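Written below as structure tokens is the structure these notes are about.
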2 protein chains.
Amino acid sequence: MHVQQNSEFDSCLSIPFSRSCPRQPARSLNRTMQNDLTLLQSTSLFSGLSQEDLAGLLARMGAVHRSYNRGVVLVQAGSPNHSVGIILSGRIEAVRLAPDGSPLPITQMGPGGVFGDVLGGSSLCSPVTVTACTPCDVMLIPYQRLLCPDGSAAQQQVLQNLVRTISDKYFLLARRVDLLLLRTLRAKVSAYLLSEADRAGQLTFRIPFTRAQLARYLNCDRSALSRELGRMQREGLLDTYRSSFKLRDLDALRKLSQ
Amino acid sequence: MHVQQNSEFDSCLSIPFSRSCPRQPARSLNRTMQNDLTLLQSTSLFSGLSQEDLAGLLARMGAVHRSYNRGVVLVQAGSPNHSVGIILSGRIEAVRLAPDGSPLPITQMGPGGVFGDVLGGSSLCSPVTVTACTPCDVMLIPYQRLLCPDGSAAQQQVLQNLVRTISDKYFLLARRVDLLLLRTLRAKVSAYLLSEADRAGQLTFRIPFTRAQLARYLNCDRSALSRELGRMQREGLLDTYRSSFKLRDLDALRKLSQ
DNA sequence: AAATTACCGTTGCATGTGCAACAGAACAGC
DNA sequence: GCTGTTCTGTTGCACATGCAACGGTAATTT
């Protein structure tokens, strides 16, 4: 099973859906439930739990299952969010509204991804808007129930996992800071593309951004990004067409990214 | 008692030491222990615990008390870190080494500050070097003992608190990202100074950075920063001399910071 | 198939800012 | 006192990049 968690970017755009339609007859639903448990087990939040413990825990915590269509807003920035969500199928993206109102892409996540966890139960308002990129199935768990210990070993394991999950997100954000700290646009582009190639495991890959989105992500102007990519292409460093990239000179790119 | 936690910047440079020398006769030491407990109670990590619970928990977890002289390295970047530290007195600072080797200030903390918590227990190596700005007293708790539940209510409370603590640090980092995303140097300076004034609670304050450090923090050139500060001073927006600042036109600064 | 929209590359221009170099002030040590 | 070091402000210059505008191509809709 293809599980992606905490992936700040994710170049895999085609997700193999285990279910195209969440509303199914009861017999299929049981089978679906089984699939969900297996997926949840491989999640950073629920790793290390047996299926029995997990099922019991979910019931005690009042976990609910929701389906959303593409484009639906799951979490509205500025309004309080009381649930942790785990993606069962589909993709979601989190964006921030910049002070000037333009959307700033933060992260995208596929099945197994956990969102809404970095609120610390402090009844804080979410700084990001979470929307469904594709039709989604999501499991929602009230944050209070998640944090409030019931004394079970499983629940304590989940708390530990939660610490891990949030720490991982911290490090992802820290890596983004590293990107933003690079001085030249060329360095940013090189660092970003190298990280994407690393994630994809090959030198040819697609990124989950349009040019305009990537420009916002790297905090630069869209035309400047196009210009720089054109230059790098002419210099033989890479090939690119729209969202597709092929890295040609890894060593040079590594040097450029400092 | 003056408690500072999770302060990414902190303009208070003069810390009133409760103890100038940690090595004292037994009678004083007990009194010191009492002070420590009170301070720890007001910490984000140990809030909500009674002194009895806290004392028992610390003993069970194998917490140790260490003193460091100014300049000593508490955590070396790149080497694994197995302990969470809570500052009892003094100040510490965390810096990163940029790819080019220059130090990049990350955070400073005073009494009550918690560090080494964002490692997720995954035996990760610390990305930052933590050093003592002043002579320090620190309480160290093995991360494994902290995460591994013993079934006590106090321990579960600590786990919850740990989630909160890490979440808070995530948001601090997110705010730094916001700073870095601002397009012009003037906007960065305005946003930073406004946040410092907000923290200090007054328009006249000192920042914990030299010009060169602030330039690194805002990701700009030192001379460019001096130039911009000079311009803003001539325009009547603020006054500055070395690390001291006085904001003169709050409205204008707010507009500039977008 | 036509029309509408979104996406992308290109280019000219203005300028903010990195870079290097220098000098004076503050500070520490002797 | 003197000396060396660190911190800071200043300035000239080059250039990377933001900005605006335009046209072309791909994608989507009717």
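Keep in mind it's a predicted model, so treat the numbers as computed, not measured. All chains are named by letter (A, B, ...) in the order of the sequence lines, taking the proteins before the strands, and each is independently numbered beginning at 1.
We find that CE of B:Met232 is positioned 14 Å from P of D:dG9, with the value rounded to whole Å. Rounded to an integer number of Å, the gap from B:Leu229 CG to D:dC7 P is 17 Å. Note: CZ (A:Arg231) to C1' (C:dT10) measures 12 Å, nearest angstrom. Atom CG of A:Leu182 and atom P of D:dA16 are 16 Å apart (whole Å). Between the P atom of D:dC7 and the CD1 atom of B:Ile207 lies a distance of 13 Å, rounded to the nearest Å. If you take CZ of A:Arg242 and C1' of D:dG24, they are 11 Å apart, rounded to a whole angstrom. Separating the CD atom of A:Glu228 from the C1' atom of C:dG9 is a distance of 14 Å, rounded to the nearest angstrom. The nearest whole Å value for the distance from the CD atom in B:Gln213 to the P atom in D:dT8 is 8 Å.
For the pair B:Gln108 (side chain) and B:Arg91 (backbone), a donor-acceptor distance under 3.5 Å is absent.
For the OP1/OP2 pair of C:dG9 and a distance below 4.0 Å, the side-chain nitrogens and oxygens of A:Arg211 include at least one atom meeting the criterion. OP1 or OP2 of D:dT8 has not a single side-chain nitrogen or oxygen of B:Tyr241 nearer than 4.0 Å.
The residue B:Thr210 sits close only to the backbone: its heavy atoms come under 4.0 Å of sugar-phosphate atoms, none of a base.
More than 12 heavy atoms of other residues, nucleotides or ligands sit less than 6.0 Å from atom CZ of A:Arg186.
Judged by a 6.0 Å distance limit and a 45° cone about the ring axis, B:Arg176 is positioned over the six-membered ring of B:Tyr217.
When each of B:Leu140, B:Asn81, B:Val130 is tested with B:Leu74 by the rule side chain to side chain contact (heavy atoms under 4.5 Å, CB included), just one qualifies, namely B:Val130. Each of A:Leu182, A:Leu193, A:Leu256 was evaluated against A:Lys188; a single residue qualifies, A:Leu182, per the side chain to side chain contact (heavy atoms under 4.5 Å, CB included) test.
For the 3.5 Å distance criterion, the side chains of A:Ser243 and A:Arg206 fail to qualify, holding no donor opposite an acceptor.
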What pairs of nitrogen or oxygen atoms, one from the protein and one from nucleotides 18-23 of chain D, lie under 3.5 Å apart?
from   : atom 1 : to       : atom 2 : distance (Å)
D:dG18 : OP2    : A:Asp221 : N      : 2.9
D:dG18 : N7     : A:Arg227 : NH2    : 3.2
D:dG18 : O6     : A:Arg227 : NH1    : 3.2
D:dG18 : O6     : A:Arg227 : NH2    : 3.3
D:dC19 : N4     : A:Ser223 : OG     : 3.2
D:dA20 : N6     : A:Ser223 : OG     : 3.4

Derivation of the side chain to side chain donor-acceptor pair (under 3.5 Å) call for A:Ser126 and A:Arg96: CA-CA 10 Å; A:Ser126 171; A:Arg96 280 193 59 154; over 6 Å; no
